[in-house]
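Okay, structure first, notes after.
Only this structure's heavy atoms are used, side chains among them; waters, hydrogens and symmetry mates stay out. Naming: A, B, ... by sequence-line order, numbering from 1 per chain.
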Number of protein chains: 2
Amino acid sequence: MLQLRDLPTTEVLTKFAERYPDADITAVSSFLHLLRVATDLSTALDTCLSKYGLLQGRWWVLILLMREESRTSTPSALADKAGVTRATMTGLIDGLEQSGLVVRVYAKDDRRSVLISLTDAGQAKLDVVMPDYYRRLRQCMQALDEEKRSQLQQMLGLINSGISAFIE
Amino acid sequence: MLQLRDLPTTEVLTKFAERYPDADITAVSSFLHLLRVATDLSTALDTCLSKYGLLQGRWWVLILLMREESRTSTPSALADKAGVTRATMTGLIDGLEQSGLVVRVYAKDDRRSVLISLTDAGQAKLDVVMPDYYRRLRQCMQALDEEKRSQLQQMLGLINSGISAFIE
DNA sequence: TTGACATAGTTAGTCAACTAACTATAATGT
DNA sequence: ACATTATAGTTAGTTGACTAACTATGTCAA
């Protein structure tokens, strides 16, 4: 996402602001730090998951299936919820099926459709991964009390509303 | 980064927390919202840059060069600052050189080394892109006053310190 | 001074995302 | 009823990251 390691110092930002008067130094700084921390969090999550032979994409598929009462969904629905294309979902399911964590079950009522079902092995995998993930995440967020977490979410909400202004 | 569109509701998180007692609901929620907003910001930035035929990777290279007094740096230094491998930097420079935005100048003192120099066309490109970027970013962050921005940065700092606990 | 190691950059091959096009099936409107 | 359109999933090909290995050059210590 944000590869940039060398975030601009206030000095650099000031220099740029001289050339580009629209620059808002604290806005740029907050923006870059937000991207930096989020990227590092995402990388840390990947590192954690890779110990279990998973990547974020496949892991989310397992979680989305576990959310369902039936432990079952369709590739299309999974793609929408996971925020990837159907083509990408085909690949994720291929990998999960090869690992025995999900199975494809062909539907009777609509022969275009396939049902993806979490296997016992898939559930067992989650039962190993999730406690580790939750434990690490708890540690990571420990320094923020409930009030700070609430404030953070509020600010994220404000920025989120501003994104439409960014895109126009 | 975080593709997941369908963030868990409190209800879903509560259900998961029953099975996995280590789950800290507000920690998970804050974490996911942070990743979600950051990903959307990054995507919005890409959208903005793509109008100018740029991607984040190449754009950062131009900015890093502009930060230098000499408008010049080496692929290795750029790779370190941009947070990509040297192999990736070779590709980024290839693209920028083909577009005429940078040039490779072979060094005399160390014949292994190459100097990458921002061309006038590269500087001109930045002079078009940066004002648009800064204007959009100002709009986007408008809803956060200086105090909120400062609070945000403080919380990001706390989370950042926690990442080491995540990785272990 | 020369053999071993280090550094700079590139190339080759892999991976997981993407788009676009394709097959098969279902739904719909005249 | 059947041609058109929509939907579900897959396949093929592209992209931009990555690692590993390679070439060339520089450094240093026995």
Side-chain angles (χ1 to χ4, degrees), chain A residues 1-5 35 39-40 42-43 45-47 49-50 53-62 72-99 101-117, chain B residues 1-5 35 39-40 42-43 45-47 49-50 53-62 64 72-99 102-117:
Chain A
M1 190 171 97
L2 179 75
Q3 290 92 12
L4 192 72
R5 299 311 312 177
L35 292 186
T39 302
D40 292 345
S42 181
T43 303
L45 176 57
D46 281 331
T47 303
L49 294 177
S50 68
L54 285 174
L55 301 164
Q56 276 191 52
R58 293 183 188 176
W59 181 62
W60 287 120
V61 173
L62 295 181
T72 292
S73 186
T74 64
S76 294
L78 290 169
D80 288 345
K81 291 176 182 174
V84 298
T85 61
R86 284 172 299 145
T88 299
M89 187 51 66
T90 296
L92 293 174
I93 292 167
D94 284 348
L96 288 167
E97 192 167 35
Q98 275 168 36
S99 313
L101 305 178
V102 306
V103 282
R104 280 183 170 90
V105 181
Y106 291 87
K108 287 175 189 169
D109 55 328
D110 183 342
R111 294 183 51 196
R112 293 169 305 182
S113 187
V114 178
L115 288 174
I116 309 303
S117 192
Chain B
M1 189 172 101
L2 179 74
Q3 291 92 10
L4 192 72
R5 300 310 314 175
L35 292 186
T39 302
D40 292 345
S42 180
T43 304
L45 176 57
D46 280 330
T47 303
L49 295 176
S50 67
L54 286 173
L55 300 163
Q56 277 191 52
R58 293 183 189 176
W59 180 63
W60 286 121
V61 174
L62 295 181
L64 287 170
T72 291
S73 186
T74 64
S76 295
L78 290 170
D80 288 345
K81 290 176 182 174
V84 299
T85 62
R86 284 173 299 145
T88 299
M89 187 51 67
T90 296
L92 293 174
I93 292 167
D94 283 347
L96 287 166
E97 192 167 37
Q98 274 168 37
S99 314
V102 307
V103 281
R104 281 184 170 90
V105 181
Y106 291 87
K108 288 176 188 167
D109 56 327
D110 184 341
R111 295 182 53 197
R112 293 169 305 179
S113 189
V114 178
L115 289 175
I116 308 304
S117 192

Cut-off 3.5 Å, no hydrogens considered: what does the side-chain donor-acceptor table look like for residues 83-91 of chain A, sequence neighbours left out?
| residue | atom | partner | partner atom | Å |
| --- | --- | --- | --- | --- |
| A/Thr85 | OG1 | A/Thr88 | N | 3.1 |
| A/Thr85 | OG1 | A/Thr88 | OG1 | 3.0 |
| A/Thr90 | OG1 | A/Arg86 | O | 3.2 |

statement: Within residues 75-88 of chain A, the residues having a heavy atom closer than 4.0 Å to DNA chain D are A/Pro75, A/Ser76, A/Arg86, A/Ala87
query: Who passes side chain to side chain contact (heavy atoms under 4.5 Å, CB included) against A/Leu115, sequence neighbours left out?
result: A/Thr72, A/Thr74, A/Val105
query: Within this structure, what is the CG-to-P distance between B/Leu55 and D/dT14, rounded to whole angstrom?
result: 17 Å
- prompt: Earliest and latest nucleotide of DNA chain C, 5' to 3', sitting under 4.0 Å from a non-hydrogen atom of chain A?
  reply: C/dA16 to C/dA26
field: Value in whole Å for how far the P atom of D/dT15 lies from CG of B/Leu54
entry: 16 Å
message: For A/Gln3 and A/Asp94, find the nucleotide of DNA chain D closest to each by heavy atoms; which residue's nucleotide sits nearer the 5' end?
response: A/Asp94
task: Check DNA chain D against residues 106-114 of chain A and give the residues with a non-hydrogen atom under 4.0 Å, in numerical order.
output: A/Arg112, A/Ser113, A/Val114
- prompt: A/Asp110: what forms a side-chain hydrogen bond (donor to acceptor under 3.5 Å, both in side chains) with it, not counting sequence neighbours?
  reply: A/Arg112
query: Measuring from A/Ile93:CD1 to A/Arg104:CZ, what's the distance to the nearest 0.5 Å?
result: 5.5 Å
message: Please report the distance, rounded to the nearest Å, between CH2 in B/Trp60 and P in D/dG16.
response: 18 Å
task: Could you check if a side-chain atom of A/Asp80 sits within less than 4.5 angstrom of a side-chain atom of B/Arg5, using non-hydrogen atoms only?
output: no
